[in-house]
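Scope of the values below: all heavy atoms of this structure, side chains included, with no hydrogens, waters or symmetry mates. Order of the sequence lines fixes the chain letters, A, B, ..., with proteins taken first and strands second; residue numbering starts at 1 for each chain.
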2 protein chains.
Amino acid sequence: MSSALSSSQASPASARITALDVLDVRFPTSEHLDGSDAMNPEPDYSAAYVVLRTDVGDGLEGHALAFTTGRGNDVQAAAIAALAPHVVGLSVEEVCADLGAFSRSLVHDPQLRWLGPEKGAMHMATGAVVNAAWDLAAKRAGKPVWRFLGEMSPEELVAQVDFRWLSDALTPEEALEILRRAEPGRAQRIGHLLDRGYPAYTTTPGWLGYSDEKLARLAREAVADGFTQIKLKVGASLDDDIRRMRTARETIGDGIRIAVDANQRWDVQAAIDWMRALAPYQPYWIEEPTSPDDILGHAAVRKAVSPIKVATGEHVANRVVFKQLLQAGAVDIVQIDSARVGGVNENIAILLLAAKFGVPVCPHAGGVGLCEMVQHLSMFDYVAVSGTTEDRVIEYVDHLHEHFVDPVRIVDGHYLAPTLPGLSAQMHQASLKEYAYPDGPVWIARV
Amino acid sequence: MSSALSSSQASPASARITALDVLDVRFPTSEHLDGSDAMNPEPDYSAAYVVLRTDVGDGLEGHALAFTTGRGNDVQAAAIAALAPHVVGLSVEEVCADLGAFSRSLVHDPQLRWLGPEKGAMHMATGAVVNAAWDLAAKRAGKPVWRFLGEMSPEELVAQVDFRWLSDALTPEEALEILRRAEPGRAQRIGHLLDRGYPAYTTTPGWLGYSDEKLARLAREAVADGFTQIKLKVGASLDDDIRRMRTARETIGDGIRIAVDANQRWDVQAAIDWMRALAPYQPYWIEEPTSPDDILGHAAVRKAVSPIKVATGEHVANRVVFKQLLQAGAVDIVQIDSARVGGVNENIAILLLAAKFGVPVCPHAGGVGLCEMVQHLSMFDYVAVSGTTEDRVIEYVDHLHEHFVDPVRIVDGHYLAPTLPGLSAQMHQASLKEYAYPDGPVWIARV
């Protein structure tokens, strides 16, 4: 296997990253109650959007984003901008040749880390910048990120991971062994992704703001479209949830999995009680039953509601919390998010942890560009880490994809493998202008 | 007991909070290696400083700050500024009469919480604004915050706490019982604080950047000054740490406690190995042996290094993580920080959790204004929660107090109880101007 880290496009060794631009982009989604759940009643899906520019002269840029739900997107943008002095002026070749070192240099800045460490707005900013560098590196290599990663050697992949604080659960040697075990069959799995794609499930029917009729109609459509799992938001009213769950189950029958998602709404006992009330309708997993920081709480819920599975991750701050969720037997499903932790590198660590503990990864997506980015991570996992799609599905939400240059393509309940180079996070220039906050036409019209 | 929540100064019911001002203030402390440790080699101690102004006309303002170590202080300031729309225009009376509701309204903003939830820069911002409101409320009541709190009824105190995600460890009823149990003797303990103060320990001798001679001299001075505990930073070099620990122990003898602080430097096994090597010099506690998010890791370290105690908290993001550190038996010492979590309200929750589990609280302090603010919380704990100072000490670092209007006063190894109204976080106008970043004279001179 050739080194995926060697750039396929020559550039002068003197070439530098010349700019880290940050844009505040917001969509007024709260007007339609798309995306409404028990803790996020009125989100305006937003992106703190980052562009890395270079003086290579090849026209390639690194694009990525941190997702937020509206207010605070400016704070997120400020956090990204704070990283510019760490990035502008770096050698393009050196950054792209050692993204592990680049990632660690941002995560471990001894002053910025005080704002976390490795959590919250500052860590999400690191993730956005690291992801933009992966987008740039993969474009230079002429490959989509899932394949760029999936063609790296086990040694190159291990070098991407920051093992600090992980060694009691996963050592570099164990990571190497996991990756080597998955080496046979990589080419075949790449072929399978290109032919068939990666399984998806859909949250589109289940937002809290939708009527029962709309829920039933969208659930029927989801099954007709080839999805074998849907998800309902729960947690606002038990009576409503029982009725909605029954409606969904009666509409689509027993052969389709129905996950439910409480978006952190409950305390431990409330989660247990609520799920016992929904149990007759066979929920497949309960997602975010309580605080994303509550490892022991998730373990207690899991023990009490089995065989209903427990899932979490979209708000899990970093690999150390994922490590413990696995060590404590607190989750059946690991839900990575492309824009919450420190970028591709930390998500490789989390995929390796999940593989070590034998727990399937079913990513969180939706928002702005989360589907576009996270599909690369699941596909890489299939090719080079877990080697399987069994019991694994990527969340799919049919929102805002039209703003992306390389939008996800869903066919027969599967994400088709992206073929364009990069991380698929790049948005159309027109969208970046139209939805710029607060000065874009969409927002000026609303004041 | 009269209601401490009723303002002692009348103001019109129409009075409003008219401004939330944010200042970026930085001290070039990295030039002298004060504050250097294994993870923070060159901090510029900084404050994202907040001022709440009103139209009451009584001249009273609410002052508080979020502490950072330099870079990123602008991000912290932006996070505080993002809360202004939630605060400006509120009724002064209503905010000060129900600081629990005020605190919850900031913590649970459904959009801003995406940046945490309840962690990192956004949560520290909430803490700063909540603390500024406590400063204002206590000034209006004419009391220092420790006494303002210490004279509230148990019911009033329970109303300050957000029990979300806590009920598996602490219910409102249990909190009430803890507070009622401590009611007898409040007046006596207030008297004791006014006479004698609250025990302190000092970190001044132990920064990593100091020579052995400076360490020995400062350790001797600390004992002469009445301290019964000092602290050394460790974690950069084992050989150096053994030599420094031996130097300290030989200098001050066996009767003085020596805590050590690794500032998160180690993985679990490294922490265990390192502490076993230092054990012959009787370290009292090991502080931050590993990631502040690693509850299970702390539990493993504690089990292995006993009878050396395990302490953490200055980077613990919120009450949910503290809850689990206590549930898992992961810590012997809870180290609250006045400027990390969501302000006075969340720290009341953490003090109640510690009391429930019978674990002593020894606050983290130092930085900018952390000593000034946190003393109020320990004194309140003594008066109305735990009712004891046994095995409890507040960290003391002799840095930057000269910039505060009501600086801490250390006499014979004790913090004297503050008597001026408020949270003691207010800085001199001259300091705010001199150290303003980047345009203050101190920084202009350095460019």
Side chain, backbone, both or neither of B/D109 within contact of chain A (heavy atoms, under 4.5 Å): side chain
Partner chain A: residue of B/L112, B/D44, B/N73 with the largest heavy-atom pair count (under 4.5 Å): B/L112
Residues A/D162, A/R104: salt bridge by 4.0 Å N-O rule: no
Distance-only side-chain donor-acceptor flag, A/R113 / B/Q264, under 3.5 Å: yes
Toward chain A, the part of B/P117 with a non-hydrogen atom under 4.5 Å: both
Side chain A/E395, main chain A/H364, donor-acceptor under 3.5 Å: no
Between A/Q76 and A/D24: side-chain donor-acceptor atoms closer than 3.5 Å: no
A/R26 and A/D74 ion-paired at < 4.0 Å: yes
B/Q335 versus B/E314, side-chain donor and acceptor atoms under 3.5 Å: no
Contact class of A/A328 relative to chain B, heavy atoms under 4.5 angstrom: both
Which of A/Q327, A/M124, A/Q269, A/K119 touches chain B most, by non-hydrogen pairs under 4.5 Å: A/K119
Neighbourhood of chain A inside residues 315-322 of chain B, taking heavy atoms under 4.5 Å as contact: B/H315, B/A317, B/N318, B/V320, B/V321
Inter-residue atom distance B/R340.CZ - B/I350.CD1, 0.5 Å rounding: 12.0 Å
Toward chain B, the part of A/L83 with a non-hydrogen atom under 4.5 Å: neither
Backbone of A/T171 reached by a side-chain donor or acceptor of A/E174 within 3.5 Å: yes
Part of A/F67 within contact of chain B (heavy atom distance under 4.5 Å): both
Any donor-acceptor N or O pair under 3.5 Å, side chains A/S167, B/D267: yes
Pick from A/E118, A/H123, A/K323 with the largest number of heavy-atom pairs that fall under 4.5 Å of chain B: A/K323
Residue selection (most heavy-atom pairs with chain B, distance under 4.5 Å) from A/S291, A/A169, A/A121, A/G120: A/S291
N/O donor-acceptor pair under 3.5 Å between B/T290 side chain and B/W266 backbone: yes
